[in-house]
Amino acid sequence: MDEKYFPEAVEKKWQRRWEESRAFEVSDDDPRPKFYCLEMLPYPSGFLHMGHVRNYSIGDALAWYKRLQGFNVLHPIGWDSFGQPAEQAAIKGGVNPRDWTERNIEHMRGQLKRLGISYDWTREIAAHRADYYKWDQWFFLKMFERGIAYKKLSPVNWCPKEETVLSNEQSSGGVCWRCGTRVEKRDLEQWFLRTTNYAEQLLEHMKEIDSGWPEKVLKRQRDWIGRSVGAYIDFGIKASDKKVRVFTTRIDTIFGATAIVAAAEHPLIAELLQGSSLQDDVAQFAKKVALDRANASDEEEEKIGMNTGILAINPFNGESIPVWVANYVLMDYGAGAVMSVPAHDERDFEFAQKYSLPIRQVIAPVTHRQNSAEPHSLAGTDQSVDMPHAFVDYGVLINSGEWGGKLSEVALAEMTNFAETHGFGGPAVTYRIRDWGISRQRFWGAPIPIVYCPNCGTVPEAYENLPVNLPESADFSGTGQSPLASVAEFVNTTCPKCQAPARRDTDTMDTFVDSSWYFFRYCDPRNEALPFSPSTTKLWTPVDQYIGGDEHAVMHLIYTRFWTKFMRDIELLSFDEPVKRLLTQGMVTNLVEGTDEWKAMSKSLGNGVDPDEMIRAFGADAARLFILFAAPVENELRWSESGIEGAIRFIRRVYTMVWQWRERLAGADIEAPALEEFSLEARALRRKTHQTISKITNDFEHLYLNTSVAALMELFNSLSDFRVDPSSASHAEAFAVREALEALVIMLAPFAPHASEEMWEGMGHEGGLLSSAKWPQADPDLARKEELEIPVQVNGKLRSRVIASPEVSDDELRAAALSDEKIQASIEGREVAKVIVVPKRLVNIVVR
RNA sequence: GCGAAAGUGGCGGAAUUGGCAGACGCGCCAGACUUAGGAUCUGGUACCGAAAGGUGUGGGGGUUCGAGUCCCCCCUUUCGCACCA
């Protein structure tokens, strides 16, 4: 230990020591209880940003805490290394995506090590390496076998001039990003995973995690899954034996249906119009709707529609109503068609007004007369009525034949039942969640292990042929086509079934596939026979704490839940949910120069801060301490240069104090003196020490890291106020200081591990790593106050305080309060109506 | 538009069970040490007031002996969803 604190030297020293002593490597056969602390793995863009630093600082604080508490802590890291930026770099800069990616990983690994995050680096994984994506392919085959992976036609953005697929970004504004041609929607054969099969479970199992996940994430997942309970009804078609099916959550309004509105691309409509004069018009209309949708802005589009001339028959009343097509009905939700009830649905109302469709009220508000035989209604006629807007609430049915007079709640069940018994409908549940399309016409991803054979058709690659290796390189000139299609030695293969010459699928998988199961691979990262052995994940998973940004609240966190359920189904696992506790940390923001706006750090806004510069200027410890202190973990964090200076100032003060006491503490007798040997001040210091241990231990369980740091500062302030000179301190005083300082240094380790190690060594623990030390234990007896200071209020206003013993009774407190001089003065001449005593906390005297 | 969450000093925030509002830090002010200070140390710092004292947690109302905390209305901000039948 040097007299002065030099972060750079200290940090280098301990990073080396940790590596040499393999301090953070964990093994499966360790008798201690396990703890799996996981942070979302980064995309190797080339540089760590402050969001990463915050994410990993939070995780590392928890990992340190748990380790000091005696847990066997798995704390791994890896790279989400497939994805577009690498391919863009290849297209633009002519570099190989693999080289680009490896270089970035190399650099970012160095940054993480300079931050001193306590990872088990022996378990590092990277998605772009064949020993990882082989298992993506393995899972794909398993899903294919079970019908979870399937192929279907699906619309993509298509540039008709270049005859190529474009991503959403490449077709923004509805035109091709290169040639400016208007983009079309075109159907392409693509692979999908049946997430919808698991919709019910994804919803149901939220019960298992709702105490550990933020409510807002669960809510977004619930909305994403979008379970909706209602009924389906088949409307007959006039002069045809076909039926058109609709889904509704409001079957009670069916007597108010004045049209059927179908999605423009509804196949039944096209079929029914076969040969009709309207056939082309409707096809034209469908094309326009598809185009508008591709160009969709944030704004809701104006509703447009057209009458198809087809008539449908309402099975409840036999009425014929027109069938329309419109842009506001979506083919891929519900049944792709709705019954239009303008009086009781806002969208239908708007549509009906525009096209002068009849508006018929069939639900009346329930009034105070609801118990009378004749329900009150706003309009007692079955003709089109004037309504200022749709009435969408539940109410009482009117103009609804035999259901008239019933409440919506009752009619919903009865009418669904009626439809079912008469064979034209029944109960139905629909979901908003769609199957997950994973085909990407891109190079830098895991190849889809499917072969197209002229004899056998679509054939899965054989397991023993995995991995299907991604070629070294391809033509990246950016034709928009999957670059793999141009690599002959990749495309041309033999059929795994009949050995005939065959062609490979040239698409790669969505990168969300890689991140759906990566943290299971950490448990068994070098397994060559399986993605992981069930025994290792049985030991380590589920993840105890997962930490990351809330931009992944739906996609990644739904997909990984889905993947877990699939892995359970193929008996790799035996639980439903992969993550017990989830923390979504807040963003790191900085002032945008020339404005007073705080925005997320970004290159384009020029308000980014380079972690390396921070480390150079202040040290990793100060940067990490500041980040964790400045705001609660889930809040936005506003960057502040002076804040980080405060952090290094604090570390330096603690460091200086350790330096001043080091000789005295190294030589001090460890034996605790008898209680009566401690002075009043020494007892107060010990009380603060034990109170602090208790508070911080509790805070860590809730990840209240900012208040933990504040408590450490308070303890330090108490130590500073304990003005005893090291050389003249009594044995008891030195003991109290040692107890406080050791607790302080150990509990500082999760926030500033390098400096803490250095101080720990300086305090005489040569050769013993702080990283294998033990978290201090709070002694409740020592933490207990020796006397209480009880506030005394008069009519709820603080007037005085009285000193009392911790065992004081209510009566004693009351007496003490009433006899207090200041209190007597303020209640003089008034009648005491009541005295409220909150045991050992407060007295309130009510006077008149 | 719909839904949710949140509004506390100059700033980040604390008060986690209805019981002393403003812990801790930043900033600022004063002082010490210094050739010097954007270093370090000491003290102060919600507001009004000379003081006694009074006021104070977005605004208004309510419940309670007692409200930052619970209830109702309003305002503002942030986030999410946005044709989901």
Side-chain angles (χ1 to χ4, degrees), chain A residues 214-217 219-220 223-228 230-232 246-251 253 257 261 263 293 296 298-303 326-330 332-341 344-348 350-351 392 428 430-434 550 553-554 586-587 598 625-626 629-632 634-647 649-650 652-653 656 695 698-699 702 704 706-717 720 789-801 832-847:
Chain A
E215 184 45 45
K216 62 176 178 182
V217 173
K219 189 192 177 301
R220 284 186 62 187
D223 290 349
W224 182 270
I225 296 162
R227 185 174 195 266
S228 183
Y232 73 90
V246 303
F247 172 74
T248 179
T249 55
R250 292 299 303 274
I251 195 173
T253 66
V261 183
R293 212 167 270 162
D298 299 346
E299 292 301 303
E300 195 168 295
E301 282 171 76
E302 200 197 336
K303 291 179 179 44
N327 62 341
Y328 76 95
V329 176
L330 308 173
D332 52 3
Y333 181 79
V338 299
M339 60 179 202
S340 177
V341 185
H344 305 292
D345 181 282
E346 270 159 25
R347 292 152 306 181
D348 294 340
E350 191 188 330
F351 190 70
V392 299
T430 63
Y431 297 91
R432 218 183 84 143
I433 191 171
R434 314 282 156 79
D550 69 359
V554 277
M587 282 191 312
W598 292 86
L625 181 67
F626 164 68
F629 174 57
E634 68 277 3
N635 280 25
E636 171 190 333
L637 171 79
R638 297 186 166 189
W639 191 256
S640 146
E641 195 95 339
S642 45
I644 197 170
E645 280 166 17
R649 206 174 294 153
F650 174 66
R652 206 178 279 134
R653 284 181 191 142
T656 303
K695 170 168 177 54
N698 180 57
D699 279 0
H702 300 97
Y704 299 152
N706 57 326
T707 51
S708 289
V709 177
L712 286 173
M713 289 170 169
E714 281 189 60
L715 177 57
F716 174 79
N717 291 344
S720 300
E789 200 185 38
I790 308 289
V792 182
Q793 301 176 333
V794 176
N795 285 351
K797 287 199 195 303
L798 180 69
R799 291 298 177 207
S800 184
R801 292 173 224 270
V832 175
K834 203 171 169 188
V835 179
I836 298 189
V837 180
V838 183
K840 301 180 187 12
R841 289 191 86 155
L842 172 140
V843 180
N844 188 14
I845 299 164
V846 186
V847 295

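In what follows, chains carry the letters A, B, and so on, assigned in the order in which the sequence lines appear, proteins first and then strands, with residues in each chain numbered from 1. What you see below is based on every heavy atom in this structure, not just the backbone, and it leaves out hydrogens, waters and symmetry mates.
For A/D348, there are no salt bridge (Lys or Arg N to Asp or Glu O under 4.0 Å) partners two or more places apart in sequence or in a different chain. Considering only residues two or more places apart in sequence or on other chains, A/V838 meets the side-chain contact (heavy atoms from CB on, under 4.5 Å) condition with A/R841, A/L842. For the salt bridge (Lys or Arg N to Asp or Glu O under 4.0 Å) test, no residue two or more places apart in sequence or in another chain qualifies with A/R653. In this structure A/K797 satisfies the side-chain contact (heavy atoms from CB on, under 4.5 Å) test together with A/R799, sequence neighbours excluded. A search for salt bridge (Lys or Arg N to Asp or Glu O under 4.0 Å) contacts involving A/K840 returns nothing, not counting sequence neighbours. Taking the ring-ring contact (aromatic ring centres under 6.0 Å, His included) definition, one finds that A/F650 meets it with A/F716, sequence neighbours left out. Contacts of A/A257 classified as side-chain contact (heavy atoms from CB on, under 4.5 Å), with partners at least two apart in sequence or in another chain: A/N314, A/I321, A/M339, A/V341.
B/rC83 atom P lies 9 Å from atom NZ of A/K303, rounded to whole Å. Rounding to whole angstrom units, CD of residue A/E215 and P of B/rA6 are separated by 12 Å. If you take CG of A/L798 and P of B/rG54, they are 11 Å apart, rounded to a whole angstrom. Straight-line distance from the CZ atom of A/R220 to the C1' atom of B/rA5: 14 Å, rounded to whole Å. As a whole-Å value, the separation of A/D223 CG from B/rC2 C1' is 11 Å. Rounding to whole angstrom units, CD of residue A/E641 and P of B/rG27 are separated by 11 Å. Taking atom CD of A/E714 as the reference point, atom P of B/rC24 lies 5 Å away to the nearest angstrom. Residue A/F626 contributes atom CZ, which lies 13 Å from atom C1' of B/rG27 at whole-angstrom precision.
Listed nucleotides: B/rA85, B/rU55, B/rG80. Nearest to the side chain of A/F247: B/rA85. For A/K219, whose side chain is taken as the heavy atoms from C-beta onward, the closest listed nucleotide among B/rA85, B/rC24, B/rA4 is B/rA4.
Between A/D699 and A/R841, the one whose closest nucleotide on RNA chain B sits nearer the 5' end is A/D699.
The cationic atom of A/K303 (NZ for Lys, CZ for Arg) does not lie both less than 6.0 Å from the six-membered ring centre of A/F351 and within 45° of the ring axis.
Between B/rC33 and B/rU40, the distance separating the two C1' atoms is 8 Å to the nearest Å. Rounded to whole Å, the separation between the C1' atoms of B/rG19 and B/rG68 comes to 13 Å. When the P atom is used for both B/rU77 and B/rC72, the distance is 23 Å, rounded to whole Å. Between B/rA39 and B/rA32, the two C1' atoms lie 14 Å apart (nearest whole Å). Nucleotides B/rG44 and B/rG22 are separated by 16 Å at their C1' atoms, to the nearest Å. Here, B/rG7 and B/rG43 have their P atoms 33 Å apart, quoted to the whole Å. Rounded to a whole angstrom, the distance from the C1' atom of B/rA23 to that of B/rG49 is 27 Å. Look at the P atom in both B/rU57 and B/rU69: the space between them is 9 Å, to the nearest Å.
Contact record, A/S340 with A/V261: CB-CG2, 3.7 Å, taken as the closest heavy-atom pair. Pairing each heavy atom of A/D550 with each of A/R220, the nearest pair is O-NH1, 3.7 Å. Of all non-hydrogen atoms in A/Y333 and A/F247, the two that sit nearest each other are OH-CE2, 4.4 Å.
At most 12 non-hydrogen atoms from other residues, nucleotides or ligands lie less than 6.0 angstrom from CD of A/E346.
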List, with names and distances, any nitrogen or oxygen atoms from the protein found under 3.5 Å away from nitrogen or oxygen atoms belonging to nucleotides 11-14 of chain B.
from, atom 1, to, atom 2, distance (Å)
B/rG12, O2', A/A630, O, 2.5
B/rG13, OP1, A/N635, ND2, 3.3
B/rA14, OP1, A/N706, ND2, 3.3

Are there any protein N/O atoms within less than 3.5 Å of an N/O atom in nucleotides 37-42 of chain B, and if so, which ones and at what distance?
from, atom 1, to, atom 2, distance (Å)
B/rC41, OP1, A/R653, NE, 3.1

Hey, what are the protein-to-nucleotides 65-70 of chain B N/O distances that come in under 3.5 Å?
from, atom 1, to, atom 2, distance (Å)
B/rC65, O2', A/N844, ND2, 3.2
B/rC65, O2, A/N844, ND2, 2.6

Hey, can you pull the donor-acceptor pairs under 3.5 Å for the side chains in residues 707-714 of chain A, sequence neighbours left out?
from, atom 1, to, atom 2, distance (Å)
A/T707, OG1, A/D699, OD2, 2.8
A/T707, OG1, A/Y704, O, 3.1
A/S708, OG, A/Y704, O, 3.1
A/E714, OE1, A/K688, NZ, 2.9

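A/G226 comes within contact range of no nucleotide atom at all, as no heavy-atom separation falls under 4.0 Å. A/R432 comes within 4.0 angstrom of a nucleotide base, judged by non-hydrogen atoms across all strands. Within the nucleic acid shown, A/D332 has no heavy atom closer than 4.0 Å to any nucleic acid atom.
Shown here, B/rG9 is classed syn by the O4'-C1'-N9-C4 or O4'-C1'-N1-C2 angle, which is within 90° of 0.
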Can A/V846 and A/N795 be said to form a side-chain contact (heavy atoms from CB on, under 4.5 Å), step by step?
-> CA-CA 5 Å; A/V846 186; A/N795 285 351; 3.8 Å; yes
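Phosphate contact (OP1/OP2 of B/rA85, side-chain N/O of A/R250, threshold under 4.0 Å): absent. Contact check, A/S340 against B/rA85: no side-chain N or O comes under 4.0 Å of OP1 or OP2.
Contact annotation: side chain of A/K216 to base of B/rC79, donor-acceptor pair absent below 3.5 Å.
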Read 5' to 3' with Watson-Crick or G-U pairs under 3.5 Å, [ ] for crossing pairs and | for partners on another strand, RNA chain B gives (((((((..(((......[....)))((((((.......))))))(((....)))..(((((..]....))))))))))))....
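Ion pairing between A/R434 and A/D332 holds under the 4.0 Å rule for side-chain N and carboxylate O.
Residues A/Y232 and A/T430 fail the side-chain proximity criterion, which asks for heavy atoms closer than 4.5 Å.
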